[in-house]
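In listed order, ligands and their atoms are each counted from 1. Keep in mind it's a predicted model, so treat the numbers as computed, not measured.
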Amino acid sequence: MLNNRRSFLSKSFLAVTLGSLKWSDVLANAAPNPPSKGPLVIATWDNRKATAAAWEVLKNGGRALDAVEAGARIPEADPNDTSVGYGGFPDRDGKVTLDACIMDEFGNAGSVCFLQHIMHPISVARLVMEKTPHVMLCGEGALDFALKNGFKKENLLTPVAEKAWKDWLITSEYKPKVNWERHDTIGIVAIDQQSRISGACTTSGMAFKMHGRIGDSPVLGAGMFSDNEVGAAACTGLGEMLLRTLGSFLVVEEMRRGKSPQKAIITVLKRIAAKYPEQSRDNQIGFVAVDKKGRYGAYALQAGYQYAVYQNGENKVFDSDYLFK
Ligand code: GLY
């Protein structure tokens, strides 16, 4: 790195002496890791307990990866959160099946899907990233891997979730929709003091989904995507639309083209709404994003979406702006 930097500087100096570059350009480009405006963490919905856990890592100079994992673990362990981890509503066969993914500042990624009995799928996803040559493990294989690595097998179906499922069984009306105005998947992205960017996403998926259904949340680029050179994005909402469009990847690519996180998200939501007008009118999608400059954005298709931001020592929840007014 030092040698590369020296060689870059000497080439730059040559260019300056040749008059093709300004000194300000040379200095800006020479900085290997420009000063961050972070740390900052942003999460879908009113997940202030999650952003608070992430902030504990960030405020002490910790790594964004550790922060997003710590944040995601909060709703995973919360029995009152019916869309994530323990307490998540089951599928239509009464099984709680979990999806999660995580990405670090080097572009490494890990993911689990259709994982049962493990309270913290986000930590299993991280272990897939760190301990295997693979990116994604599914179902029984993911469970075996988790158990072999010290995770405990637990019953994740709480009495409240079981009752909701039994109530649903009475009509068994299959409506593959997500809630507009209540907590859903957590997507969480962060930039730390050293400008390292990471993201995580974790969910129990759509309530009473078909057994085996996988949403966007464990799919890199759909539920979450992070590129340390540019920024990270994560989302909540109807997984099928996000799987078809790789929404989080698109947001990062729009930021790469120079858009702010907010403008990038709006561009992507308009594109999704243009491609799938009817589904977009009837469903919710909400994004959060952060860029390398430490700017953040959030936007949704519909009213009712909230997001939580921890920055400058303050943990706040905001009502998101939205497309369909
Ligand atoms: N966004 C969560 C899901 O569709 O499963």
Query raised in the report: Is there a donor-acceptor pair closer than 3.5 Å between any side-chain N or O of Q116 and the backbone N or O of G139?
Result: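 The answer is no, because no donor-acceptor pair under 3.5 Å joins these two groups.
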
Out of all atoms in ligand 1, which are within 4.0 Å of some heavy atom of [X]? Include the element for each.
| X | answer |
| --- | --- |
| D216 | 1 (N), 2 (C), 3 (C), 4 (O) |
| S217 | 1 (N), 2 (C) |
| G237 | 1 (N), 2 (C), 3 (C), 4 (O) |
| M206 | 5 (O) |
| G215 | 5 (O) |
| T185 | 1 (N), 2 (C) |

Evaluate the ring planes of [X] and [Y], with Trp represented by its six-membered ring, and classify them as parallel (under 30°), tilted (30 to 60°) or perpendicular (over 60°).
| X | Y | value |
| --- | --- | --- |
| F114 | H211 | perpendicular |
| W45 | Y305 | perpendicular |
| F225 | F249 | perpendicular |

Requested in this report: May I ask you to decide whether D192 forms a salt bridge with R196, counting only side-chain N to carboxylate O separations under 4.0 Å?
Outcome: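 Yes, charged N to carboxylate O under 4.0 Å.
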
Query raised in the report: In terms of side-chain geometry, is the basic nitrogen of R256 or E253 positioned less than 4.0 Å from the acidic oxygen of its partner?
Result: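 The answer is yes: the pair qualifies as a salt bridge.
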
Query raised in the report: Mind checking whether T236 has an N or O less than 3.5 Å away from an N or O of ligand 1?
Result: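 No, T236 has no N/O under 3.5 Å of an N/O on ligand 1.
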
**Report entry** Backbone or side-chain N or O of T203 under 3.5 Å from ligand 1 N or O
**Finding:**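 No; every N/O pair is 3.5 Å or more apart.
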
Requested in this report: With sequence neighbours excluded, give me every side-chain hydrogen bond (donor to acceptor under 3.5 Å, both in side chains) pair touching residues 117-127.
Outcome: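 As it turns out, the side-chain hydrogen bond (donor to acceptor under 3.5 Å, both in side chains) pairs with a partner in residues 117-127, which skip direct neighbours, are D66-R126, E69-S123, E69-R126, R73-S123, E76-H120, R126-E130.
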
Query raised in the report: Would you say K209 touches ligand 1, if touching means a heavy atom closer than 4.0 Å?
Result: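 No, that is not the case, since the closest heavy atom of the residue is not under 4.0 Å from the ligand.
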
Query raised in the report: Given that the side chain starts at C-beta and the backbone is N, CA, C, O, which of these parts of Q284 lies under 4.0 Å from ligand 1, counting heavy atoms, or is it both or neither?
Result: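 Neither; no heavy atom under 4.0 Å.
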
